[in-house]
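The structure presented is a predicted model; accordingly, all values stated were derived computationally and were not measured. What you see below is based on every heavy atom in this structure, not just the backbone, and it leaves out hydrogens, waters and symmetry mates.
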Amino acid sequence: MNRYDDNPTILRGVPQVLDAVSETDDLRRRVNQQNDLSTDLFLILSRHNARGRRPVLVLLRSGGSVSAAVIFAERCILGAGTGLLRSGDQAGDGAVIASNSDRKEALLAAIRALLEQRRCHSVAATLSGIAPIAGVVPAEEGIYAESSCRLVHRRLPLSPTLEETLHSRFTTKRRRNLLYYYRSLSKTHDVEFVPDIPIGETQEAILQLASNSWPHRTPSEVAYHCEFLRRHPESFCMGIRLKTGIWLSLITGWRIDGITHMPWQLNHDHYKHESLMQVMRMHLIEHECNFGQAALSWVGGTVSFQTACESEFCIDILKARIGVKSALLRNVLAPAMFRRNPSAFTGGSLMLLLPTRSRGASNARLDPDS
């Protein structure tokens, strides 16, 4: 039995979604999810290309009051929606605001509401913290459904010092490489590590680096991200810069209950050979160990440090109305796009659009670092 009222509210586009910020903030507090800042709408808007994705928010009600919210992004071409929506990042973060016991049911209810609209034909979603036995998605008449569970890596336990953390979590070869890059940057460039960039200087620093970074961040994404940082006193921004003032790498995030969460890392594209991603993370690990934090957690997961991180299950879901549009997407468009640009399929849920033989391809990047 569906525990949610009929006719949920569906908000589309940045203006409508921003109007719901206070409502979703209040909902997070009511369902005891206030520490999960991955569902903060300002953070969501800063983590995807607004020109290629339209935010969609589904508000579910029980007894007339909002009891759950599910966040989606619709793929767009030249500003026009394609009818393909996705919820959750590569590790299932940023998808659902609901009590823990209701998260999967809320996600399925929101997907069902979207597929009842003609403008939507396919929905892919990833949800974290789901045990394999709970991964089955029920079939529905007229709906194609598929789901699978996989392991993601995002949480790195920390020891009291950098040296202890490296010895307990990394292989000898990996430790040697990390320490080499960590030390060589300061030998070849006059750099300094800034552990706490004041909030008043953060936006200028990010804008300076964003134009030369991968992933590239637009001014609007930077503005949303800085607004997110300003809204939460537990947030931070740290980085490495040349003594001349040029920023080479920046990491943002927040600290709650001994866990340091990181949604963003930007690295200067002109210094690729310096392995800035690794060097910045070494500084981060050392700083957080000294700060007394228990673990690091990459929002969206991590590739480069995944063997050192603890594993956890998440569920990928694909549901689509049976028809020409969804069949064309799965059987023609998605395979063609994957052959041309495998990096476009940066999420396990999107991989369900592909034929089974293509999902394990070696060039499929399931969870890139950002």
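Judged by distance alone, with hydrogens and angles left aside, the side-chain atoms of D5 form a donor-acceptor pair with the main-chain N or O of G63 at under 3.5 Å. Remark: side-chain polar atoms of R321 are paired, donor with acceptor, to backbone N or O of Q117 under 3.5 angstrom. No donor-acceptor pair closer than 3.5 Å links the side chain of T126 to the backbone N or O of D316. Within the 3.5 Å criterion, the main-chain N or O of D93 finds a donor-acceptor partner in the side chain of D89. With hydrogens and angles disregarded, a donor-acceptor distance shorter than 3.5 Å links the side chain of Q208 to the backbone of W247. Between the side chain of E221 and the main chain of T218, a donor-acceptor pair closer than 3.5 Å is present. Remark: the backbone N or O of R12 is paired with a side-chain donor or acceptor of Q16 at under 3.5 angstrom. In this structure, the side chain of H153 does not engage the main chain of A308 through any donor-acceptor pair within 3.5 Å. Between the Q278 side chain and the L179 main chain, no donor and acceptor come within less than 3.5 Å of each other. Put simply, the side chain of R103 gets close to the backbone of S128: a donor and an acceptor are under 3.5 Å apart.
A salt bridge is absent between E312 and R155: the closest approach of a Lys/Arg side-chain nitrogen to an acidic carboxylate oxygen does not fall below 4.0 angstrom. In this structure, R28 does not pair ionically with D36, as no charged nitrogen and carboxylate oxygen lie closer than 4.0 Å. One finds no salt bridge joining E74 and R53 here, because no Lys/Arg side-chain nitrogen approaches an Asp/Glu carboxylate oxygen to under 4.0 Å. E140 has a carboxylate O that lies under 4.0 Å from a charged side-chain N of K319, or vice versa, which qualifies the two as a salt bridge. The pair R29-D25 does not meet the salt-bridge criterion, since no charged nitrogen lies less than 4.0 angstrom from a carboxylate oxygen.
H225 and T252 are linked by a side-chain donor-acceptor pair at a separation below 3.5 angstrom, with hydrogens and angles left out of the test. Checking D269 against S213 by side-chain atom types alone, no donor-acceptor pair falls below 3.5 Å. If you check the side chains of N35 and Q33, you find no donor sitting under 3.5 Å from an acceptor. Looking only at atom types and distance, the side chain of Q306 has no donor-acceptor partner in the side chain of R154 under 3.5 Å away. Residues T172 and R175 bring a donor and an acceptor atom of their side chains to less than 3.5 Å of each other. Side chain to side chain, T260 and E288 meet the donor-acceptor criterion of an N or O pair below 3.5 Å.
No close placement of the F228 and W264 rings is indicated, their centers lying 6.0 Å or farther apart.
Both tests hold for R255 against F236: distance to the six-membered ring centre under 6.0 Å, angle to the ring axis within 45°.
Taking the six-membered ring where tryptophan is involved, the planes of F305 and F170 are perpendicular, since the angle between them exceeds 60° and thus also 30°.
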Criterion side chain to side chain contact (heavy atoms under 4.5 Å, CB included) on Q90 and V152, from CA distance to verdict: CA-CA 8 Å; Q90 296 89 339; V152 294; over 6 Å; no
